[in-house]
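I have placed the structure first, in the form of C-alpha cells, so that the comments after it can refer back to it.
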Number of protein chains: 2
Amino acid sequence: MPSKPLPPITIDAVYAAPGYLFRRMQQIAVSIFMEECKAFDLTPVQYAALVAIHTHPGIDATRLSAVIAFDRSTLGSVIERLEAKAYIERKPAPEDKRIKLLYLTKSGAAILREIIPAVERAQARMLEPLKPADRKALMGLLAQLVDLNNEASRVPLRAEDALEHLGKGG
Amino acid sequence: MPSKPLPPITIDAVYAAPGYLFRRMQQIAVSIFMEECKAFDLTPVQYAALVAIHTHPGIDATRLSAVIAFDRSTLGSVIERLEAKAYIERKPAPEDKRIKLLYLTKSGAAILREIIPAVERAQARMLEPLKPADRKALMGLLAQLVDLNNEASRVPLRAEDALEHLGKGG
DNA sequence: CATAGATTGTAAGTATACTGTCAATTAACA
DNA sequence: TGTTAATTGACAGTATACTTACAATCTATG
C-alpha cells in the first residue's frame, strides 16, 4: 500500500471518452471549414443558415433554428450578421405581425454558389485521413447516433414539424 | 426548361455532411453531460481541466491548453472560474517569473471524485442508442480520425511534447 | 368580446472558441 | 554582454451556444 492518494481518473481516460472525441472533432472540423472558406468570411453556421433559407424561402427564425438545429437565442445575431452582409432580407409577415420572413438576396444566392466548392473541399478534408470504407462507416454510425439522440439536445421543433406550412403551400 | 433558378445545394445535403454531424453530435454530447452533471456546476471543459491538473500537478496554463486541446486564450477564463470555485490554486514558479503553476485543491480533488460517476453515466448515454459493436466501431474510427487530423486544429504544443519536463522529473 | 395561454422576436448574462495584440520575462546568439 | 527572438500570461474583439426573462402579438376559450 504505497501512497496513491488520488487515483480516480487520468487524462488518458478523458482522451478515450466519447465527449472528448466529439468536442475535438468539432474543433478540427470548424478549423478546416474556416481554412477552406476564409476567402468568403462565412462561418459554418452562417453557411448552414444560408442553405436552409435557400431551401425554404420565407422561413421564419424559429423554424430556421429547428431546421439547422441551431439555438434560437443565438440565431438572432447570426441573422443580424447575414443581414448586415446583405446576404438575406427580413420581411414582415402580412398575416402575423410577430413574424419576420427570411429570404436570400441576389448576393446571398451568389455567395452560396461560389462557396460550395470550398465547403465540399472542407467536408472531404475532414474525412480524408480515413480509408473510403471507414469514412462511410463513420458517417453512417454518426448519422444514426445523431438521429437517435436527437431529443437529447433541446431544439424547439423537429425539423419536419417545423416545415409543415412551408414550401408545399399548405 | 421550367425555371429552376438556384439549384446549388439543399439542406438535406447539409444534414449528411460530416461538419454538420460533428457539430450536432457535439451539441448533444454537451447537453447530456450538463444534464447528468448539473448537480456539480462543472462544464465539460472545466472537468477536463481538473482531470489534467490532477494528472499533471504543477502544470502551467500553456501546457494545460495543449494537454486538453483547449484554446490558450479561453483557458484563462476557465482557470479563473475554477480558481473562484476554489477547485484549483495558482502558484508562481520560482525559477520563471512568467509562469504560474496549477494545483488541485482539496475541494477540487473532492469534486473530481464525486463527479466521476455522473460523467461516466453521461459518456455511456451518448453512445447508448447504438449497439455495443457499433459503439466500439464508432469510437475507434473517431479516435483514429482525431489523431490523424490533430495538426488541422491549431494547438500550441502536442500533448506529449508539452509534458516532457513534468511528472517524470526530467 | 375579454382574458388566459402560447408564440415570436429580442435582450441580458454566462461559457466556450478563436484571432489578434501586448508587456514582462527568459533564452539564444552575435 | 547586449540585442534579438521566443515564451508566458493577459487582454480586446468576434462568433457560437445556452438559460432565463420579457414585451408584443396571436390563439383558444369562456
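Throughout, a chain's letter reflects where its sequence line sits, starting with A, and its residues are numbered from 1.
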Please report the shortest heavy-atom distance between A:Ala48 and A:Ile68, naming the atom on each side.
-> O-CG2, 3.7 Å

Does OP1 or OP2 of D:dT16 have a side-chain N or O of A:Arg81 closer than 4.0 Å?
-> yes

Ignoring backbone atoms, test whether B:Gln27 places a side-chain nitrogen or oxygen under 4.0 Å from the OP1 or OP2 oxygen of D:dT16.
-> no

Hey, does A:Thr43 reach any base, or is it just sugar-phosphate, or nothing, if we go heavy atoms under 4.0 Å?
-> sugar-phosphate

Between the side-chain atoms of B:Thr62 and the base atoms of D:dG9, is any donor-acceptor pair under 3.5 Å?
-> no

Judged by atom type as modelled, is there a donor-acceptor pair below 3.5 Å linking the side chain of B:Arg90 to the main-chain atoms of B:Leu102?
-> no

Length of the CD1-P vector between A:Ile68 and D:dA15, whole Å | 16 Å

Residue whose closest nucleotide on DNA chain D lies nearer the 5' end, A:Glu95 versus A:Gln26 = A:Gln26

Roughly how many Å is it from CZ in B:Arg23 to P in C:dA17, rounded to a whole number?
-> 14 Å

Is there a side-chain polar atom (N or O) of B:Lys100 under 4.0 Å from OP1 or OP2 of D:dA10?
-> yes

Base D:dT7 to side chain B:Arg98, donor-acceptor N/O within 3.5 Å cut-off | yes

Whole angstrom value for the distance that separates P of D:dT14 from CG of A:Asp41 = 12 Å

For the side chain of B:Val45, counting heavy atoms from C-beta on, which of D:dA15, C:dA17, D:dC26 is nearest?
-> C:dA17

What integer distance in Å separates B:Glu35:CD from D:dC18:C1'?
-> 14 Å

State whether B:Arg72 places a side-chain N or O below 4.0 Å from either non-bridging phosphate oxygen (OP1 or OP2) of C:dA17.
-> no

Taking for each residue the nucleotide of DNA chain C bearing the nearest heavy atom, is the 5' side occupied by B:Ser77 or by B:Asp96?
-> B:Ser77

Record whether the side chain of A:Ser73 comes under 3.5 Å of the base of D:dT19 through a donor-acceptor pair of N or O atoms.
-> yes

Could you tell me whether A:Thr74 contacts a base, only the sugar-phosphate backbone, or nothing, with contacts defined as non-hydrogen atoms closer than 4.0 Å?
-> base

Could you give me the CA-CA distance, side-chain angles and deciding distance for A:Asn149 and B:Arg125, then say whether side-chain hydrogen bond (donor to acceptor under 3.5 Å, both in side chains) is met?
-> CA-CA 9 Å; A:Asn149 263 328; B:Arg125 264 188 63 194; over 6 Å; no

Return the nearest nucleotide to the side chain of A:Ile99; candidates are C:dT8, D:dA17, C:dT16.
-> C:dT8

Atom CG of B:Asp71 to atom P of C:dG20: distance rounded to whole Å?
-> 12 Å

Given atom CD of B:Glu83 and atom C1' of D:dG9, what is their separation to the nearest angstrom?
-> 13 Å

Taking all atoms of both residues into account, what is the closest heavy-atom pair of A:Ile28 and B:Val146, and its distance?
-> CD1-O, 4.0 Å

Output yes when at least one side-chain N/O atom of B:Arg90 is less than 4.0 Å from OP1 or OP2 of D:dA10, else no.
-> yes

Proximity of A:Phe22 and B:Phe22 rings by center, below 6.0 Å | no

Using a cut-off of 4.0 Å on non-hydrogen atoms, how would the nucleic acid contact of B:Val30 be classed: base, sugar-phosphate, or nothing?
-> nothing

Does A:Arg63 place a side-chain N or O at less than 4.0 Å from the phosphate oxygens OP1/OP2 of C:dT7?
-> no

Between P of C:dG20 and CE of A:Met34, the distance in whole Å = 11 Å

Any donor-acceptor N/O pair, B:Thr10 side chain to A:Thr55 backbone, under 3.5 Å = no

Send over the distance from B:Leu42 CG to C:dT16 C1', rounded to a whole Å.
-> 14 Å

